[in-house]
Protein chains: 4
Amino acid sequence: MPRAVREQQMLDAAVATFGQRGYRAASMDEIAELAGVSKPLVYLYLNSKEELFTACIRREAAALVSAVQGGVTPGVPADRQLWNGLLAFFAHAAENPDGWAVLSNQARTHGEPFAAEVAAMREEIVTLVTLLIAAAAAEAGCTVSPGGSSSGTSEELADREVAGLAHALVGAAESLAGWANVTPGASAKDTAATLMNFAWAGLENLMSGKRWTPSSSSP
Amino acid sequence: MPRAVREQQMLDAAVATFGQRGYRAASMDEIAELAGVSKPLVYLYLNSKEELFTACIRREAAALVSAVQGGVTPGVPADRQLWNGLLAFFAHAAENPDGWAVLSNQARTHGEPFAAEVAAMREEIVTLVTLLIAAAAAEAGCTVSPGGSSSGTSEELADREVAGLAHALVGAAESLAGWANVTPGASAKDTAATLMNFAWAGLENLMSGKRWTPSSSSP
Amino acid sequence: MPRAVREQQMLDAAVATFGQRGYRAASMDEIAELAGVSKPLVYLYLNSKEELFTACIRREAAALVSAVQGGVTPGVPADRQLWNGLLAFFAHAAENPDGWAVLSNQARTHGEPFAAEVAAMREEIVTLVTLLIAAAAAEAGCTVSPGGSSSGTSEELADREVAGLAHALVGAAESLAGWANVTPGASAKDTAATLMNFAWAGLENLMSGKRWTPSSSSP
Amino acid sequence: MPRAVREQQMLDAAVATFGQRGYRAASMDEIAELAGVSKPLVYLYLNSKEELFTACIRREAAALVSAVQGGVTPGVPADRQLWNGLLAFFAHAAENPDGWAVLSNQARTHGEPFAAEVAAMREEIVTLVTLLIAAAAAEAGCTVSPGGSSSGTSEELADREVAGLAHALVGAAESLAGWANVTPGASAKDTAATLMNFAWAGLENLMSGKRWTPSSSSP
DNA sequence: CATGAATGAGAATTCATTCAT
DNA sequence: AATGAATGAATTCTCATTCAT
């Protein structure tokens, strides 16, 4: 059996085990057995538990990013791109629960070699979303100023605000994906719709300058 | 030294260690040393690693809920209550990063004794937020119908939508808290403002029936 | 509460715990709790686990020997004395199962400080039985020769044979006591009768020279 | 080194250690060192202290039963079979003192997983002896009635009496084996002869109806 | 290419024992 | 006379990792 195939089998087993047991609780014994190979072979191919875990993270991160990017097709309006991206994201997380668990739970929870990998992936997605939001703003005739804090002027949006929005959106998506994965009856489409509604409304309001500030409320 | 004091010292040390290392990677040796006591004493007072971890989760969850509830003072308008609650939440998470890590990362990542504890706390907060959102809607003259799916009628909001909003809001807040804890220059107030804007806009749009649906967009 | 009383309570608790759990598995914590006192007090009175166990053995051994000797009343025929002794022995073992377990199982199973204590008690009983057997033989008009091996002559019994008989009898009694303690429906009287029958027959045969030897059998 | 060989080495070491120190006091460290392997290997092959101990009991019980059965060759008169069986038993116990200690002391003294193992072996031997005694009775022209209590009639023996005899005989043999193992100058042959004499006499007396009863003695 | 055999290092947990009061 | 507080030293068990073949 060719090496590449064996390696994928090992990664499959590792993702499943890490996702369900957690990094520390997963044992190389269990992974090797699940992969149907002997432990030394795992070491021969992947060197150590740490490298094996890193390889898992990379593979799953790449798959997720690729799935999302597959949804975000240029040429259509920004809101549709966002919608398709969300849909692709929730569908992928639902179809690969172990991989999603590795990325969202395990990788973050264990020290530095791993957190950086996920942070990179996350940054990639945040960037994508930031661009989408900026594009949506542009389509709505709103300029994005590279300045610091929010000017509050209608038709103008600060960089920071767009970035904050993107972060909040990605954070909400991550949280909802975990929730949808453990909630029966939460389809990817419904989940995406909930978030899209939320996000789009926030975006429209920001663009039209209707911000909520502590002082805008009753005394 | 009296038992109660020692116990708090141990919990302090345990929260710090669990928060930084993770449940499995944290060793009782390290916790005991950090607490300035011998391991047997930790066992004498807290019985096992599992019970120790559970005690940490309970204490931190109670502290967090209490902080948030301290912000949500009845008698003021709902939007202010929400604002104050968010502020209290982000401030508490920022001031207790290890406790927050225990609740948001560790407790969820490890099997059933623990996940349930956090789920209970989360439910408590989601309920609080749901009530707040409903109150805000009422203040704005919008009725909340106990029916199933969204009717789309102006001035009417389905139960499910309020709950979805609350879930998304709490999820976004959790995610933003993690992000703020890791991002220099993100103050609790700024973070709360970003989210409040986002959430309030979503709420206003929902209340006024301006929902985004896949088909409402350009082809 | 006077010291002597407290000490007996501790020994009661210790005998029960050692008898049921075994020497190593019994913990000083459990013993102290069962005795209703604090651990340091146990140490104050009995110094160490080893000394505590020794004290248990001594007390139980003395009680057993005293019970047996209470049955063996001089002045009556030797067979009756033997019978009464057996009866007293089985009754005592049945009434004090934990004490009997300490003597028969635990004390023997754990190294040298303890085995010697029990061996001493056992020797005391074997001596008593030896004298009884010799008395019975004398009553039956049979001389006991202080010589070495069995002469085989009728009406004469070697020292060694009497000692062997006594040892076998005591061994059988010990074994039967353990058996009776775990066998429902085995009364002390029945058990004593079984053994008495066995022993008395052996004795009579020996005294009348009807020995079994390998060569006395068919070729 | 092949697994089977290593396993036997480990069992050898374990039997020696358990026999001398007792179940609780024997440490896996000591056993591993005596076996000349590392502790993890012992766990890899035998899983736990409990399973290791059970394996010891099984091996030693099988060896002992096999030794006794090797002595009891069919085709020769029952008394010779009994004699050869006793001889084989005492010889085996003398040659394997640790194994004998495991079976006779340790296994009985510690809770349920183990006691049952030994009880099974003991039952096997008691059955063998019961059959032998019945055969001996038959050869002597005595019928064994399946009835309840002793009829007392000459030439007739109740089931119960045969079973009681077998139990007492096995108990006496066990006790004598322990004694012989501890008494210098007590050869297997001498020990067997003492017991055989004892047993055979008891059997002959029972068969000829000469039972001792409390009331048959002088007042 | 693949594995059976083997281990050093460290994990959780328990226990007999001692002080200061 | 009595105890709450505290620990050093084991003990059972697990795991990532490496050779020799």
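Per chain, numbering begins at 1; letters A, B, ... match sequence-line order.
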> According to a strict under-4.0 Å criterion, is R6(D) in side-chain N/O contact with OP1 or OP2 of dA6(E)?
Replying inline: yes
Tell me, do [X] and [Y] make a side-chain contact under 4.5 Å, heavy atoms counted?
X       : Y       : value
W100(A) : E174(A) : yes
K39(C)  : D29(C)  : yes
I57(A)  : Q106(A) : no

> Are K49(D) and Y23(D) in a cation-pi contact, defined as NZ or CZ under 6.0 Å from the six-membered ring centre and within 45° of the axis?
Replying inline: yes
>> Ring of Y45(C), cation from R3(C) - is the NZ or CZ under 6.0 Å from the centre and inside 45° of the axis?
In response: yes
Could you state the atom-to-atom distance from [atom1] of [X] to [atom2] of [N] in whole Å?
X      : N       : atom1 : atom2 : value
L41(B) : dT18(E) : CG    : P     : 18 Å
M10(B) : dA5(F)  : CE    : P     : 11 Å
F53(B) : dT13(E) : CZ    : P     : 14 Å
Q8(D)  : dA5(E)  : CD    : C1'   : 17 Å
L46(D) : dA6(E)  : CG    : C1'   : 15 Å
M1(D)  : dT21(F) : CE    : P     : 13 Å
L44(D) : dA16(F) : CG    : C1'   : 14 Å
E7(B)  : dA6(F)  : CD    : P     : 11 Å

> Could you spell out the base pairing of DNA chain E in dot-bracket, with Watson-Crick or G-U pairs whose two distances are under 3.5 Å, [ ] crossing and | to another strand?
Replying inline: .||||||||||||||||||||
>> Tell me whether the count of non-hydrogen atoms from other residues, nucleotides or ligands lying under 6.0 Å of CZ in R21(C) goes above 12.
In response: no
> Does CZ in R59(B) sit with more than 12 non-hydrogen atoms of other residues, nucleotides or ligands closer than 6.0 Å?
Replying inline: yes
> Taking all non-hydrogen atoms of both residues, which atom of L103(B) and which atom of V118(B) are closest, and how far apart?
Replying inline: O-CG1, 3.7 Å
> So which heavy atom on I31(B) is nearest to which on A13(B), and how close?
Replying inline: O-CB, 3.6 Å
>> Nearest to the Y45(C) side chain among dA2(F), dT7(E), dA6(F), which nucleotide is it?
In response: dA2(F)
Pairwise N/O distances under 3.5 Å, protein to nucleotides 14-16 of chain E:
unit_1  : atom_1 : unit_2 : atom_2 : d
dA16(E) : OP1    : A26(C) : O      : 3.1
dA16(E) : OP1    : K49(C) : NZ     : 2.7
dA16(E) : OP2    : M28(C) : N      : 2.9

